[in-house]
Structures are given as structure tokens and as C-alpha cells.
Amino acid sequence: MKPIQKIIVACDLSKFTPQVLDYAISLAQATGARLILANVINQRDVDAIEYAIHKTFLVQNDASPEAFIRQHNAEREEQLKALIDESGHPNLFQKSVIRTGVPCQELINIVELERADLVVMGTRGRTNLRSVLLGATAEKMFRACPVPLLSVRLQKE
């Protein structure tokens with residue numbers, strides 16, 4: 001088995017993210033790996049903003065898909081930084097990566113670009129639909145991820 005040196009932690013910034021991150025931190029401590037936090041601004045949301053702007057004829061400078069991405073990127077950078085600070089183990093983290101696109105595709109791109117050895121992610125996404133056993137992104141990741149993927153069974157609060 002290849003040693004685990006880099007772990008991608010898929011962070012959707014939902015209420016379950018701390019559980020996923022705690023598990024990844026434990027793995028990193030046990031293996032000596034470094035953590036890379038990965039978050040994806042869903043292209044579906046960007047497209048919805050663009051459609052809403054087009055339909056309502058909003059022409060303000062701050063009403064654009066680019067402004068939406070800039071704002072969300074800045075907010076998510078702050079949230080990821082806070083997660084690292086609150087973890088109590090900032091030395092385990094190599095960096096944070098935020099992308100815009102289709103979540104599964106972008107996560108796989110990050111895995112390949114960073115040459116990660118493992119992905120850790122939760123079983124449910126931001127919507128937390130109770131009727132869905134496995135989130136859509138998690139399911140797609142299981143089918144397409146080029147490295148081992150560890151799913152964290154999320155506990156109800």
C-alpha cells in the first residue's frame with residue numbers, strides 16, 4: 001500500500017463539515033499526512049444567478065455572476081481559515097482550494113492536480129435530504145475518484 005501523504009478534505013461548509021474535518025485530522029495525525037481543504041462553488045448556483053439577473057434585467061455593477069463568485073470565494077476563504085484555526089492543529093494543513101464548477105468534476109481535478117493519496121468526505125451534502133442515503137456528489141465521487149475515498153458517516157446533532 002502506498003503511504004498516505006496528502007489528504008483532500010471535501011468541505012461543503014455544511015453543519016457536518018466539522019465531523020468530516022475531525023476524522024481527517026485524526027487520519028493525518030496517524031499517518032503524518034498533510035491536509036488540503038477543498039470547496040467548490042456549484043456552477044448550478046452561478047447559472048441560477050445569471051438567469052435571475054437576465055430575467056429581472058438587473059444591471060447594477062454588483063449584480064453579476066462574477067460578483068457572486070468573488071463574494072462567495074471571499075466568504076468561503078474566511079470559513080475555511082476559521083476551520084483551520086478552530087481545529088487546534090493548523091500545522092497539519094497544507095492549504096485550502098476553492099473552485100467554481102461541477103462539484104464532483106472539480107474535486108477530481110483538485111485530487112489530480114495536488115497528487116492526493118486519499119479523499120475524505122461526508123455522505124450527505126448541504127441539502128441533507130433525509131430520503132437520500134448518499135449525496136449526489138458523494139455518489140459520483142465514489143464512481144469516478146482516481147484515489148481511495150473515505151466516507152464519514154455523519155451523526156445527527
Side-chain angles (χ1 to χ4, degrees), residues 1-49 65 68-157:
M1 182 170 91
K2 179 181 167 188
I4 299 171
Q5 297 176 340
K6 281 188 192 176
I7 300 172
I8 301 291
V9 185
C11 296
D12 64 0
L13 300 171
S14 70
K15 67 181 182 179
F16 299 110
T17 297
Q19 290 178 47
V20 174
L21 189 55
D22 286 346
Y23 206 93
I25 287 170
S26 294
L27 276 172
Q29 289 174 320
T31 62
R34 299 292 304 264
L35 300 173
I36 298 172
L37 299 183
N39 177 269
V40 179
I41 299 170
N42 197 324
Q43 185 64 44
R44 178 190 64 216
D45 298 338
V46 175
D47 293 344
I49 291 295
F68 174 84
I69 292 169
R70 272 194 309 277
Q71 177 187 347
H72 277 70
N73 200 22
E75 289 171 1
R76 290 173 187 211
E77 280 181 22
E78 286 181 29
Q79 290 174 304
L80 292 174
K81 185 180 181 318
L83 284 170
I84 292 170
D85 293 342
E86 293 166 8
S87 75
H89 303 281
N91 57 321
L92 294 176
F93 295 87
Q94 183 173 334
K95 64 179 168 179
S96 298
V97 178
I98 301 172
R99 297 283 172 80
T100 301
V102 177
C104 177
Q105 290 173 354
E106 290 303 320
L107 287 171
I108 289 171
N109 289 341
I110 293 168
V111 166
E112 291 172 345
L113 205 79
E114 297 297 335
R115 297 183 179 177
D117 303 300
L118 178 71
V119 175
V120 176
M121 68 186 304
T123 54
R124 288 190 294 263
R126 294 175 66 88
T127 58
N128 189 24
L129 297 172
R130 291 178 191 246
S131 63
V132 178
L133 296 175
L134 194 63
T137 300
E139 183 179 341
K140 290 175 186 170
M141 284 295 291
F142 274 111
R143 293 174 192 228
C145 190
V147 299
L149 180 118
L150 178 76
S151 67
V152 177
R153 182 180 299 265
L154 303 169
Q155 304 297 318
K156 295 179 184 176
E157 293 182 334

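What's counted below: heavy atoms across the whole structure, side chains too, no hydrogens, waters or symmetry copies.
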Short side-chain to backbone donor-acceptor contact, R34 and F93, under 3.5 Å: yes

M121/V152 under side chain to side chain contact (heavy atoms under 4.5 Å, CB included): CA gap, chis, key distance, verdict: CA-CA 6 Å; M121 68 186 304; V152 177; over 6 Å; no

Any chance you could measure E78, atom CD, to L13, atom CG, to the nearest 0.5 Å? 12.0 Å

Do I36 and V9 have side chains that get closer than 4.5 Å, going by heavy atoms? no

How close do G122 and A138 get, heavy atom to heavy atom, and via which atoms? O-CB, 3.8 Å

Quick one: pull up CG in N39 and SG in C11 and give me the separation to the nearest 0.5 Å. 7.0 Å

Is a donor on one side and an acceptor on the other found under 3.5 Å between the side chain of R76 and the backbone of V40? yes

Closest non-hydrogen atom pair between I4 and A33, with its separation: O-CB, 3.5 Å

Does some side-chain heavy atom of I108 sit less than 4.5 Å from a side-chain heavy atom of P146? yes

List in chain and number order the residues that pass side-chain hydrogen bond (donor to acceptor under 3.5 Å, both in side chains) with N42, two or more places apart in sequence or in another chain; answer none if no residue qualifies. none

Can I get a per-line list of side-chain donor-acceptor pairs under 3.5 Å for residues 94-103, giving both atom names and the distance, sequence neighbours left out?
from	atom 1	to	atom 2	distance (Å)
K95	NZ	E114	OE1	3.3
K95	NZ	E114	OE2	2.7

Distance-only criterion, 3.5 Å: show the donor-acceptor pairs between side-chain atoms of residues 80-89 and protein atoms not counting sequence neighbours.
from	atom 1	to	atom 2	distance (Å)
K81	NZ	D85	OD2	3.0
S87	OG	I84	O	2.7
S87	OG	H89	N	3.0
H89	ND1	Q29	NE2	3.3
H89	NE2	Q29	NE2	3.4

Could you grab the distance from atom CG of L21 to atom CG of L35, nearest 0.5 Å is fine? 7.0 Å

Could you give me the CA-CA distance, side-chain angles and deciding distance for I7 and V119, then say whether side chain to side chain contact (heavy atoms under 4.5 Å, CB included) is met? CA-CA 6 Å; I7 300 172; V119 175; over 6 Å; no

Suppose we screen for side-chain hydrogen bond (donor to acceptor under 3.5 Å, both in side chains). Which residues come up paired with Q43, at least two apart in sequence or across chains? D47

So L118 and I8, do their side chains get closer than 4.5 Å, heavy atoms only? no

Does any non-hydrogen side-chain atom of D45 lie less than 4.5 Å from one of F68? yes

Atom CG of L27 and atom CG of D22: how far apart are they, to the nearest 0.5 Å? 11.5 Å

So the salt bridge (charged side-chain N to carboxylate O under 4.0 Å, His left out) pairs with at least one residue in residues 141-151 (sequence neighbours excluded) are E139-R143

Criterion side chain to side chain contact (heavy atoms under 4.5 Å, CB included) on F142 and T137, from CA distance to verdict: CA-CA 9 Å; F142 274 111; T137 300; over 6 Å; no

Scanning both residues in full, the closest heavy-atom pair of C104 with K140 reads SG-CB, 3.5 Å

Can you tell me how far CG of D117 sits from NZ of K6, rounded to the nearest 0.5 angstrom? 8.0 Å

Under the side-chain hydrogen bond (donor to acceptor under 3.5 Å, both in side chains) rule, collect the residues that match up with E75, sequence neighbours excluded. Q71

